[in-house]
> 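Have a look at this one before I ask anything.
Note: hydrogens, waters and symmetry copies are ignored here, and every other heavy atom, side chains too, is used.
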Amino acid sequence: MSERSYWLMKTEPDVFSIQDLASSPNQTTAWEGVRNYQARNYMRDSMKPGDGILFYHSNASPLCIAGTAVVASEAVPDPTQFDPDSEYFDPTSSESDPRWMMRHVRLVSIFEPPVLRDTLLNTAGLESMILLQRGSRLSVHPVTAAEWRIIHHLAGIQPT
């Protein structure tokens, strides 16, 4: 059995927040619309069902880790790439050879209060965290097991 991996997924809370995930059927949603090749590759090639996700609210005030989720599916073609009415439509992608993949994610916990970015910046052990690196813009990226544990400690809960 392979070891569990951990990820951070960014979302803008005015588009889709952790509260939206909590109110989704089965507290699960399709993580669609990723249009960055590196983020797509992580989702397509590296994520596994059962992997942990830090749910990050970006472009928000405050910037924060709002809680956790779990990868709930294998990678599947993102249907928005085939929908001409979608903002994520990709006319160069075909159903026989889809370019963009997605995963389903399911809520695990909401951090009350959330773990603020300012707290992350000032916490020993998180100095190398991708999220905190200058110029880091990926919406999906790996998190180390140590970072996962530290962030759960900051949230005051046991790592899941």
Side-chain angles (χ1 to χ4, degrees), residues 1-24 26-76 78 80 87-88 100-160:
M1 182 169 170
S2 62
E3 189 173 315
R4 186 178 194 209
S5 296
Y6 303 98
W7 305 93
L8 183 136
M9 298 176 92
K10 295 179 183 177
T11 182
E12 296 179 10
D14 62 336
V15 175
F16 191 84
S17 70
I18 200 161
Q19 289 75 21
D20 294 322
L21 179 58
S23 63
S24 298
N26 300 317
Q27 296 185 321
T28 303
T29 194
W31 204 266
E32 60 193 20
V34 172
R35 294 298 183 268
N36 172 282
Y37 285 104
Q38 183 62 56
R40 186 261 337 246
N41 292 349
Y42 286 140
M43 290 176 61
R44 181 189 68 191
D45 304 331
S46 302
M47 282 185 170
K48 303 174 301 300
D51 282 355
I53 300 166
L54 295 173
F55 200 101
Y56 186 78
H57 282 175
S58 66
N59 196 22
S61 183
L63 299 171
C64 65
I65 297 176
T68 63
V70 64
V71 177
S73 75
E74 296 292 343
V76 296
D78 179 342
T80 63
E87 67 180 295
Y88 301 113
W100 305 107
M101 305 300 279
M102 60 167 228
R103 297 276 182 157
H104 288 86
V105 301
R106 184 177 59 253
L107 179 68
V108 172
S109 64
I110 296 176
F111 292 166
E112 291 293 343
V115 178
L116 303 181
R117 180 181 175 90
D118 288 344
T119 301
L120 300 173
L121 286 166
N122 294 301
T123 299
L126 299 180
E127 297 86 0
S128 297
M129 189 173 186
I130 293 171
L131 173 70
L132 305 177
Q133 300 308 304
R134 172 164 269 155
S136 173
R137 304 217 15 106
L138 279 180
S139 64
V140 176
H141 58 76
V143 172
T144 69
E147 292 164 348
W148 180 262
R149 287 189 300 273
I150 291 167
I151 289 165
H152 277 78
H153 175 75
L154 293 171
I157 64 173
Q158 286 293 111
T160 52

> Within the 4.5 Å heavy-atom criterion, are Pro62 and Leu116 side-chain neighbours or not?
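Of all side-chain heavy-atom pairs linking Leu116 with Pro62, at least one is under 4.5 Å.
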> What's the verdict on side chain to side chain contact (heavy atoms under 4.5 Å, CB included) for Leu154 and Thr119, showing C-alpha distance, side-chain angles and the deciding distance?
CA-CA 8 Å; Leu154 293 171; Thr119 301; 4.1 Å; yes
> Does the side chain of His57 come within less than 4.5 Å of Pro114's, by heavy atoms?
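In short, these two side chains do not touch, never coming nearer than 4.5 Å.
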> Are the ring centres of Trp7 and Tyr42 closer than 6.0 Å?
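Yes, close enough.
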> For Leu54 versus Thr68, what's the shortest heavy-atom pair and its separation?
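Scanning both residues, the minimum pair turns out to be CD2-CG2, 4.1 Å.
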> How far apart are the closest heavy atoms of Thr80 and Gly33, and which atoms are they?
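Nearest heavy atoms, Thr80 then Gly33: OG1-N, 4.2 Å.
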> Could you state the interatomic distance from CD1 (Ile65) to CD (Glu147), rounded to the nearest 0.5 Å?
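Interatomic distance, Ile65 CD1 to Glu147 CD, rounded to 0.5 Å: 9.5 Å.
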> Between the main-chain N or O of Trp148 and the side-chain N or O of His152, is there a donor-acceptor pair closer than 3.5 Å?
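Yes: the side chain of His152 pairs with the backbone of Trp148.
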> When you compare the side chain of Val34 with that of Trp100, does any pair of heavy atoms fall below 4.5 Å?
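A side-chain contact under 4.5 Å is absent here.
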> How many angstroms lie between CG in Asn59 and CD in Glu12, if you round to the nearest 0.5 Å?
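Here the interatomic distance stands at 4.0 Å.
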> Is the side chain of Arg44 donor-acceptor paired with the backbone N or O of Met101 at a distance under 3.5 Å, no angle test?
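Absent.
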> Supply the atom-to-atom distance Met102 CE to Met47 CE, rounded to the nearest 0.5 angstrom.
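Rounded to the nearest 0.5 Å, the CE-CE separation comes out at 12.5 Å.
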> Pairs in or reaching into residues 28-37: which pass salt bridge (charged side-chain N to carboxylate O under 4.0 Å, His left out), with residues at least two apart or in two chains?
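The answer is Arg35-Asp78.
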> Look up atom CG in Asp118 and atom SG in Cys64, then write down how far apart they are to the nearest 0.5 Å.
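If we round to the nearest 0.5 Å, Asp118:CG and Cys64:SG are 11.0 Å apart.
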> Side-chain contact test, heavy atoms from C-beta onward, threshold under 4.5 Å: evaluate it for Arg103 versus Pro49 and give yes or no.
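Counting from C-beta outward, Arg103 and Pro49 do come under 4.5 Å.
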> Indicate whether the side chain of Ser24 and that of Thr29 have a donor and an acceptor atom separated by less than 3.5 Å.
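No, because no side-chain N or O of Ser24 sits under 3.5 Å from a partner of the opposite role on Thr29.
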> Do Thr123 and Val115 have side chains that approach each other closer than 4.5 Å (heavy atoms only, starting at C-beta)?
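No. Closest side-chain heavy atoms not under 4.5 Å.
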> Measuring from Ile151:CD1 to Leu8:CG, what's the distance to the nearest 0.5 Å?
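Going from the CD1 atom of Ile151 to the CG atom of Leu8 covers 7.5 Å.
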> Would you indicate whether the side-chain heavy atoms of Ile18 and Phe111 approach each other to under 4.5 Å?
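In short, these two side chains do not touch, never coming nearer than 4.5 Å.
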> Rounded to the nearest 0.5 Å, what separates atom CG in Leu121 from atom CG in Leu126?
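If I round to the nearest 0.5 Å, the distance is 9.0 Å.
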> For residues 130-142, which side-chain donor-acceptor pairs fall under 3.5 Å, sequence neighbours excluded?
| from | atom 1 | to | atom 2 | distance (Å) |
| --- | --- | --- | --- | --- |
| Gln133 | NE2 | Glu127 | O | 2.9 |
| Gln133 | NE2 | Met129 | O | 3.1 |
| Ser136 | OG | Ile130 | O | 3.0 |

> Decide side chain to side chain contact (heavy atoms under 4.5 Å, CB included) for Ile53 and Val71; before the verdict, give the C-alpha distance in whole Å, the side-chain angles of both, and the deciding distance to 0.1 Å.
CA-CA 7 Å; Ile53 300 166; Val71 177; 3.7 Å; yes
> Within the 4.5 Å heavy-atom criterion, are Leu21 and Phe55 side-chain neighbours or not?
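In short, these two side chains touch, coming nearer than 4.5 Å.
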> Any sub-3.5 Å donor-acceptor pair from Asp20's side-chain atoms to Ser17's backbone N or O?
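Yes; at least one donor-acceptor contact below 3.5 Å.
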> Spell out, as yes or no, whether a donor-acceptor pair under 3.5 Å connects the side chain of Thr28 to the backbone of Arg106.
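Such a contact is absent between Thr28 side chain and Arg106 backbone.
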> With a sphere of 6.0 Å drawn around CG of Asn26, does it hold more than 12 non-hydrogen atoms of other residues, nucleotides or ligands?
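No, the 6.0 Å shell around CG holds no more than 12 heavy atoms from other groups.
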> Run the side chain to side chain contact (heavy atoms under 4.5 Å, CB included) check on Ser46 and Asn41 step by step: do they pass?
CA-CA 7 Å; Ser46 302; Asn41 292 349; over 6 Å; no
> Compare all side-chain heavy atoms of Trp31 with those of Met43 and state whether any distance is below 4.5 angstrom.
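Trp31 reaches Met43 side chain to side chain.
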> Where the side chain of Thr11 meets the backbone of Phe16, is there a donor-acceptor pair that is under 3.5 Å apart?
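Pair found, side chain donor or acceptor close to backbone of Phe16.
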> Short question: side chain of Lys48, backbone of Glu3 - any donor-acceptor pair under 3.5 Å?
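It does hold such a pair.
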